Amino acid sequence: MRLPSLTSSISRYSRSFATAANGPKSPTAVVMLNMGGPSTVEETHDFLLNLFSDGDLIPLPFQKWAAPIIAKRRTPKIEKQYADIGGGSPILKYTQIQGEAMAKLLDELHPETAPHKSYVAFRYARPLTEETARQLKADGVKRAIAFTQYPQYSCSTTGSSLNELYRKGKAGELGDIEWSVIDRWGTHPGFIEAVAQNIEASLAKFPASERSEVVLLFSAHSLPMSVVNRGDPYVLEVSASVSAVMDRLGHSNPYRLVWQSQVGPSAWMGMQTGDALKGLARLGQKKVVLVPIAFTSDHIETLYELDLEYAEEARELGIQIERSESLNDSPVFIRALADITAEHLRSCKKLGPTSVQLGLRCPGCTNATCGAQKAWFAAGGRA
Ligand SMILES: C=CC1=C(C)c2cc3[nH]c(cc4nc(cc5[nH]c(cc1n2)c(C)c5CCC(=O)O)C(CCC(=O)O)=C4C)c(C)c3C=C
Ligand code: FES
Ligand SMILES: [Fe+2]
């Protein structure tokens with residue numbers, strides 16, 4: 001019997017994925033995508049130069065010339081922040097711990113595609129995508145999953161990493177690999193459970209009689225309004241994460257979602273975290289747990305901005321404040337990463353390499369790379 005065309009294209013996907021996955025010895029690669037951070041203070045300048053050179057994150061007029069000037073000007077301030085949090089960003093250390101533990105669990109959860117091996121591809125710090133690409137080639141990888149480590153999707157974060165991977169793929173730097181993508185997972189029950197457990201640990205530091213009065217202040221990296229207004233899904237997806245965490249906590253406490261880390265003079269999504277703390281103090285709300293909801297490990301935004309700047313400011317305002325721990329090496333979170341990947345490996349056989357949502361460009365998008373990238377991944381990275 002002849003299959004209808006949709007079914008036959010689905011079965012073509014499943015055949016090609018099964019073949020690549022069962023190839024002899026070459027590992028199934030799980031490529032952990034994130035922005036990265038300078039591991040030492042000395043790497044700060046190069047990190048900022050890469051960041052300001054990224055037109056998918058910050059489109060600047062005359063970017064090639066403007067980026068070095070801005071990066072150089074900003075370096076001393078940001079170097080001091082990394083020095084104050086212990087001499088660098090811990091993001092590489094935690095991403096490696098998470099990835100290696102996840103790959104071990106995956107071998108048990110999804111033996112059909114074992115062995116699994118995790119790789120790190122950072123957008124602005126080492127290991128950059130080109131370095132990881134060389135490693136994938138050297139290991140003879142035939143099947144890889146691009147796994148964003150941003151739980152919620154934004155074109156300025158996950159979108160930028162996927163665009164970079166697409167450019168390397170088109171340039172032939174990745175070798176002959178069948179790709180699929182995990183592009184967002186901000187409401188996955190394992191992620192929500194890990195965040196909720198860390199909030200409960202912070203709430204437990206307050207006397208039981210006062211606990212229900214504590215305000216949960218969820219804080220996420222802000223976005224320029226120009227990005228929000230072109231239809232970027234990040235604000236919606238961060239809100240969905242907060243809502244799922246509150247459901248899991250049985251709405252035990254009052255809460256708000258606020259936004260941090262604005263850069264430059266343009267309009268950004270608000271209310272700003274610092275202003276929210278001042279406002280709560282003014283209104284007599286003097287017990288707060290700050291919850292980072294859009295990063296999975298510590299970085300300057302948690303260790304410097306939340307712990308050193310905001311928490312100290314809050315204490316001066318008479319607020320009793322705790323910061324919910326970042327997920328870092330939480331075993332509950334690592335298990336969630338493995339579950340997300342195993343579920344993806346099972347479902348992409350039927351549904352294809354990308355989510356339905358990844359296929360839709362922001363209604364206001366004018367970046368042609370976004371369209372080409374989506375088409376390339378939808379074809380398993382082989383178009
Ligand atoms: C979900 C996370 C993030 C979003 C969304 C995001 C958007 C975004 N960021 C900038 C500009 C800068 N971000 C900087 C640092 C930085 N940003 C994030 C995460 C998100 N950014 C992190 C985790 C970090 C810190 C890295 C670390 O410490 O490990 C910086 C550099 C620091 C500084 O100069 O202040 C800039 C600049 C824009 C413009 C943007 C959205 C378009
Ligand atoms: S900016 Fe969102 S798809 Fe291009
Ligand atoms: Fe940022």
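Heavy atoms only: backbone and side chains are in, while hydrogens, waters and symmetry mates are out. Start at 1 and go down the list; that is how both ligands and their atoms are numbered. For clarity, every value in this text was computed on a predicted model and none was experimentally measured.
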Item to complete: Tell me which protein heavy atom sits closest to atom 32 (C) of ligand 1, plus the residue, atom name and distance to 0.1 Å.
Response: I78 CD1, 4.0 Å
Discussion item. Would T157 count as a polar contact of ligand 1, with the cut-off being nitrogen or oxygen pairs under 3.5 Å?
Written reply: no
Worksheet, complete the sentence: Closest non-hydrogen contact found for V288 with Q285 is CG2-O, 4.5 Å
Worksheet item: Which residue and non-hydrogen atom of the protein lie closest to atom 1 (S) of ligand 2, and at what distance in Å?
Response: R230 NE, 3.3 Å
Worksheet item: Of the choices H221, Q149, K77, E237, which has the non-hydrogen atom that lies closest to atom 3 (C) of ligand 1?
Response: H221
Worksheet entry | Closest protein heavy atom (residue, atom, distance) for atom 16 (C) of ligand 1 | E301 OE2, 3.3 Å
Worksheet entry | Structural part of L223 in contact with ligand 1, heavy atom criterion under 4.0 angstrom | side chain
Item to complete: May I ask whether A294 has any heavy atom positioned less than 4.0 angstrom from an atom of ligand 1?
Response: yes
Discussion item. Tell me whether the rings of H221 and F295 are parallel (<30°), tilted (30 to 60°) or perpendicular (>60°).
Written reply: perpendicular
Discussion item. Does any N or O of ligand 1 fall below 3.5 Å from an N or O anywhere on R74, backbone included?
Written reply: yes
Worksheet item: Can you find an N/O atom of Y234 closer than 3.5 Å to an N/O atom of ligand 1?
Response: no
Worksheet item: Does E210 pair with K286 as a salt bridge, N-O distance under 4.0 Å?
Response: no
Worksheet entry | Interfacing atoms of ligand 1 (cut-off 4.0 Å, heavy-atom, I58) | 39 (C)
Fill in: 4.5 Å side-chain heavy-atom contact, Y150 and M35
yes
Fill in: Short N/O/S contact of C362 with atom 4 (Fe) of ligand 2 (below 2.8 Å)
no
Discussion item. Regarding C155, does it place an N, O or S atom less than 2.8 Å from atom 2 (Fe) of ligand 2?
Written reply: yes
Discussion item. We want to know whether N163 and T369 form a side-chain donor-acceptor pair, criterion being a heavy-atom distance below 3.5 angstrom.
Written reply: no
Item to complete: Considering the heavy atoms of S89, write down every atom of ligand 1 situated less than 4.0 Å from one of them.
Response: 29 (O)
Worksheet item: Are side-chain N/O atoms of T132 and Q135 paired as donor and acceptor at under 3.5 Å?
Response: no
Worksheet item: What protein heavy atom sits nearest atom 2 (C) of ligand 1, and how far away is it?
Response: F295 CE2, 3.0 Å
Fill in: Those atoms of ligand 1 less than 4.0 Å from some heavy atom in W268
38 (C), 39 (C), 40 (C)
Worksheet item: More than 12 non-hydrogen atoms from neighbouring residues, nucleotides or ligands closer than 6.0 Å to NZ on K168, yes or no?
Response: yes
Worksheet item: Where is the nearest protein heavy atom to atom 40 (C) of ligand 1: which residue, which atom, and how far?
Response: L57 CD1, 3.5 Å
Worksheet item: Can you list the ligand 1 atoms lying under 4.0 Å from a non-hydrogen atom of L48?
Response: 31 (C), 34 (O)
Worksheet item: Is the closest N or O pair between Y82 and ligand 1 shorter than 3.5 Å?
Response: yes
Discussion item. Assess, by modelled atom type and distance only, whether the side chains of T95 and Q149 contain a donor and an acceptor separated by less than 3.5 Å.
Written reply: no
Worksheet item: Under a 4.0 Å heavy-atom limit, does P224 contact ligand 1 with its side chain, its backbone, both, or neither?
Response: side chain
Worksheet item: Just wondering, more than 12 heavy atoms not from E313 lying within 6.0 Å of its CD?
Response: yes
Discussion item. Within ligand 1, which atoms have a heavy atom of S156 less than 4.0 Å away?
Written reply: 41 (C), 42 (C)
Discussion item. Which residue and atom name correspond to the protein heavy atom nearest atom 30 (C) of ligand 1, and how close is it?
Written reply: L51 CD1, 3.7 Å
Worksheet, complete the sentence: So for C370 against ligand 2, with non-hydrogen atoms under 4.0 Å, the contacting part is side chain
Worksheet item: Nearest protein heavy-atom contact for atom 22 (C) of ligand 1: which residue, which atom, what distance?
Response: M35 SD, 3.0 Å
Worksheet item: So, S154 versus D232: side-chain donor-acceptor pair below 3.5 Å or not?
Response: yes
Discussion item. Checking side-chain polar atoms at under 3.5 Å, does R143 have a donor or acceptor matched by the opposite partner on S180?
Written reply: yes
Discussion item. So for ligand 1, is F52 a polar contact partner (N or O within less than 3.5 Å, distance only)?
Written reply: no
Fill in: Between D298 and S326: side-chain donor-acceptor atoms closer than 3.5 Å
yes
Discussion item. Measuring only between side-chain heavy atoms, which start at C-beta, is Q320 closer than 4.5 Å to V214?
Written reply: no
Item to complete: Answer yes or no: is there a side-chain heavy-atom contact under 4.5 Å between Q272 and Q260?
Response: no
